[in-house]
Amino acid sequence: MAVFWYTPITMKIILAQPRGFCAGVDRAIDIVILALQVYGAPLYVKHAIVHNAHVVRDLEKKGATFVESIEEIPIGSRVIFSAHGSPPSDYDAARHRSIEIIDATCPLVTKVHLEVKRYVREGYTIILVGHRGHVEMRGTMGEAPEHTYLVETIEDVHALGFSKDTKIAVLTQTTLSVDDTATLLVEIKKVFPQAILPPAADICYATTNRQAAAKALARQCDIVLVMGSITSSNTNRLVEVVRAIGTPAYRIDQVSEIQPEWLSAPMRVGITSGASAPESIVQAVVDRLRSTYGATVETLPVIEERVWFDIPKDLKDVAHDRGIDTDVLSKHTIAQDATMKR
Ligand code: SF4
């Protein structure tokens, strides 16, 4: 628990900035919304387009059908691949079934895929730092499964039996804990001095910035509420970084999950949200704390973000041909402050 020099007289909400939607999530949601406008249903989406239950439910209501495998999609139809990236085998399977692919993979995930391919072409073995079973890892490993070794822990690193002559390149999942990954990278370099580490960690700008903002929040608050779904890797990491500072943190998906025993007045309540969590959930929590505890609200600006990714040109062109205005997209973007870290 953080120690304070002041005595707050009521409940104060402090909102982390940045929080919530990242550029890759904005883009992926825009792609589904626009594709539904252009083509209508049925429109298939492989895997949750982003890891948030509200977003998925909302897009389902708009007409999207979510599936987990290409085999579930009728031959000759259309599929959107989720922001987390997909292995080449999924692209091949879709083409084999004459399914048109609209790719919503985040460009920062694609960058890691391209790094895998380049390193393998140059004769490297890849150590991939990430969470086993996470869909992003399935996609990244799928680029070169026979040359890629996933590690989650220091024990995993020590279990790798590479000789000192093995050319090794290290890549990471985009949504890891910055601090835990730094520790693991140091260990990898210790065990395999010849390893090339990522020049800038593959942990993306949005993950890095949200963790920095969550840490700043944790130092000023009695508790931190982290909005996001349990399936969201970057949301779960936000909870961990707050707890690592010693401040209690609770992940919630919606306002009804708030437990009264967490809260009292006076108290400083920090609020942040994962990269796939809609701002409407944050605002619902703010409204509840205002009405129940008379909470006041302020924002803690930590890092500016100005990152935006365009939607695929082909989809945009078809939309324009059909007279659909694409300028209205991304209005859900939190156009707050951004510095792209690479
Ligand atoms: Fe892309 Fe990072 Fe957002 Fe993932 S969290 S979609 S890698 S910007």
Side-chain angles (χ1 to χ4, degrees), residues 16-33 45-52 54-56 59 80-87 102-116 128-131 134-141 143 171-178 180-181 198 200-214 226-241 251 272-279 303-312 329-330 332-342:
Q17 187 178 327
R19 63 179 182 278
F21 282 1
C22 60
V25 163
D26 258 334
R27 175 178 181 268
I29 295 171
D30 278 349
I31 288 172
V32 179
I33 290 172
V45 182
K46 192 184 70 63
H47 195 67
I49 185 76
V50 301
H51 281 158
N52 185 272
H54 298 278
V55 171
V56 168
L59 294 174
I80 297 176
F81 281 175
S82 79
H84 316 94
S86 300
I102 303 171
D103 200 345
T105 303
C106 175
L108 300 183
V109 174
T110 301
K111 175 180 172 290
V112 181
H113 283 230
L114 294 175
E115 285 170 339
V116 170
L128 184 60
V129 181
H131 295 295
H134 190 276
V135 66
E136 182 186 325
M137 293 296 86
R138 182 176 165 263
T140 310
M141 289 200 71
E143 292 291 351
L171 300 171
T172 80
Q173 188 175 330
T174 57
T175 52
L176 299 179
S177 154
V178 173
D180 293 350
T181 305
D202 295 310
I203 299 171
C204 77
Y205 83 95
T207 301
T208 306
N209 292 351
R210 278 150 192 70
Q211 286 178 21
V226 180
M227 311 296 138
S229 292
I230 194 160
T231 47
S232 165
S233 172
N234 77 83
T235 300
N236 292 323
R237 301 297 82 76
L238 290 177
V239 172
E240 289 169 8
V241 300
R251 183 201 58 77
T272 186
S273 49
S276 50
E279 180 63 10
I303 295 167
E304 281 204 8
E305 290 188 341
R306 296 193 194 284
V307 181
W308 175 80
F309 298 135
D310 203 357
I311 55 177
L329 294 170
S330 279
H332 50 273
T333 300
I334 298 174
Q336 55 188 4
D337 341 279
T339 306
M340 185 120 170
K341 291 229 162 148
R342 58 185 177 180

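Atoms within each ligand, like the ligands themselves, are counted from 1 in listed order.
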Asks: Which ligand 1 atoms, with their elements, are less than 4.0 angstrom from a heavy-atom of Tyr205?
Replies: 8 (S)
Asks: Please step through side chain to side chain contact (heavy atoms under 4.5 Å, CB included) for the pair Ser177 and Arg237, ending with a clear verdict.
Replies: CA-CA 6 Å; Ser177 154; Arg237 301 297 82 76; 4.1 Å; yes
Asks: Between Arg210 (side chain only) and Ala275 (backbone N and O only), is there a donor and an acceptor less than 3.5 Å apart?
Replies: no
Asks: Ignoring hydrogens and angles, state whether a donor on the side chain of Glu136 or Thr174 is under 3.5 Å from an acceptor on the partner side chain.
Replies: yes
Asks: The criterion is side chain to side chain donor-acceptor pair (under 3.5 Å); which residues satisfy it with Thr207, sequence neighbours excluded?
Replies: none
Asks: Just checking, is any N or O donor in the side chain of His47 or Arg138 under 3.5 Å from an acceptor N or O on the other one?
Replies: no
Asks: Run the numbers on His84 and Val109 for side chain to side chain contact (heavy atoms under 4.5 Å, CB included), then give the verdict.
Replies: CA-CA 7 Å; His84 316 94; Val109 174; 5.9 Å; no
Asks: For atom 1 (Fe) of ligand 1, which protein N/O/S atoms fall under 2.8 Å? Skip waters.
Replies: Cys106 SG
